[in-house]
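Shown next, in structure tokens, is the structure this report addresses.
In this text, all values refer to a predicted model and were calculated from it rather than measured experimentally. Numbered from 1 within each chain, the chains take letters A, B, ... in sequence-line order. Because only heavy atoms are used, hydrogens play no part in the values below, and waters and symmetry mates are left out as well, while side chains stay in.
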Amino acid sequence: MTFQILLSIPIGVFFGIVTGILPGIHPNTVVTGLLAISPFLLSFTSPIVLAVFITTVATVNTFVDNCPSCYLGAPEENTALGVLPMHRYLLEGKGHEAILLTVIGSLFSLILGLILVIPIVYTLKTIFPFLKKIIIYLLILSVIYLFYREKQSRILAAIVFLLSGLLGIITLNFPNLPQPLFPLFSGLFGISTMVVSLNSKSKIPKQYITYPKIKSKEILTITPVSVFSGGLVSTLPALGPSQAAIIGSALLRNLSTKNFLMMIGGINSINFVLSFISLYVIDKARNGTIVGISQLLEKISLNQFILFLSVCMIAAGLGAVSTIYISKIFAKYIEKVNYELLILSIISMVALLVLIISGFYGFLILITSTFIGIIPTLKNIGKTHLMGSLMIPVILFYLL
Amino acid sequence: MDEQTLFKLSLIISLTGLLLLMFISDSIEIKKYDIKDINNKLLEKTVKVSGIITRVTETPGLYIFDIRDKTGTITAIAFKDGFVNLTKNEQVEIEGKIVKYKEKLEIQVEQIVT
């Protein structure tokens, strides 16, 4: 058994890397696939080994996901908000530095999260009922603050927020649409950025391996905010890293691009680890991976909880190292490839995947979301406003 | 394409797309199933079922009821807000998502027509 667990980690790392590099393949897709064949797998292994495997895949994936986000502009839900800032770094020839920033943010948040795990578990137990009542007002406040901060054009920001919100409501309530978030997010955050950069004929310059200069003061402010906002949302239904990023950017005023990337990295990792805590403490599954695990294991015990936390940490370390390595490969070859051709083939691939996974209606959603996503990209206003696509449905869900 | 044109084009396509999707989403007919045909493959899908209510349990926030047609029985759960009173032996048509609860399939009701 111990041997099987140890073996499932490297295999999980491999799958995490593959699913991370390929744009459009979310760990949820992998988990769903694995659960479908789990009766077969369970004939020669135990649920716990399978759960460790799933955990590893998902953890590594959250790290490696940053590579396609940065170099190809093809994000998934979690990395969506980081695409534009990363793209900015990429155009300066510092794509690798952007990746390093998210990795550094992730690692520090994980360390702080691990140190605080016992207080977090206890606080969660006590404040969960209260938190449930106020979180929605906190979110509304954050959204208002984000509008206020948008000096470029508040009206346009509100329009973008409302348009994407409307699309979010339609998409999430669309009858029998498989994986509705996939076309929604690919369009809003991914393809729209790619279309704009195709249109502006931007060329990817030669990439240099540069290292970010981070002051310890920055780490000391960003890390607690990431852990706090990531932790806040990880326990609540329908909220995820994107909402945490919105709360986080509202908490830290004048957030630089550099610090924003660190925060996104931190929030993503902490959110994932804390979702185990939610499962353990309040017995609620908060993302696809955790749903998978909770279907495999009825209720997790303290020992299993500790096991999963350790697996997360090991996988995070391995994920960080692989991400840095993969990013270097991307950095080396990205200027050599024909960028236009590359972008066009990624767009076609995502469109094809949407057609296969979500069908024709998903494709319509992809087109609409792409053009909504183009608006803020063109007008240089924050892409965070596109999160209206989730915020408005979430706010309605809580208020109605 | 210059930026202003692309901007206008984006606005137009966004609005058209939204209207189109709204229209389609409203007009999609949800497929009706015999209860015996509801299986794991339909998990997370929205289905329509009609039959007679054979049992109703009330909790503070929920109705839990069994619905029976010629082919079988299935449990359904409905949040109380928005739904009228449910009574035993009533003929209803329900629309809802198939979910799994404690290894059994249930319908999470989205709409009830009595």
Note: vs chain A, highest number of non-hydrogen pairs under 4.5 angstrom among B:Leu20, B:Ile30, B:Leu6 is B:Leu6
Top contributor to chain A contacts, counting heavy-atom pairs under 4.5 Å, from B:Ile13, B:Leu9, B:Leu11, B:Leu15:
B:Ile13
B:Phe23 atom CZ: more than 12 heavy-atom contacts under 6.0 Å
no
Applying side chain to side chain contact (heavy atoms under 4.5 Å, CB included) between A:Leu366 and each of A:Leu353, A:Val354, A:Ile347, report the one that passes.
A:Val354
If we ignore hydrogens and angles and just use 3.5 Å, is the side chain of A:Ser389 paired with the main-chain N or O of A:Ser164 as donor and acceptor?
no
Please classify the contact between A:Ile365 and chain B as side chain, backbone, both or neither, with a heavy-atom cut-off of under 4.5 Å.
both
Please classify the contact of B:Glu29 with chain A as side chain, backbone, both or neither, using a heavy-atom distance under 4.5 Å.
neither
Where does B:Leu21 contact chain A at under 4.5 Å (heavy atoms): side chain, backbone, both or neither?
both
Side chains of B:Thr75 and B:Asp66: donor-acceptor distance under 3.5 Å anywhere?
yes
Max heavy-atom pairs within cutoff under 4.5 Å with chain B, candidates A:Asn176, A:Val195, A:Leu364, goes to A:Asn176
Roughly how far, to the nearest 0.5 Å, is the CD1 atom of B:Ile94 from the CD atom of B:Glu110?
10.0 Å
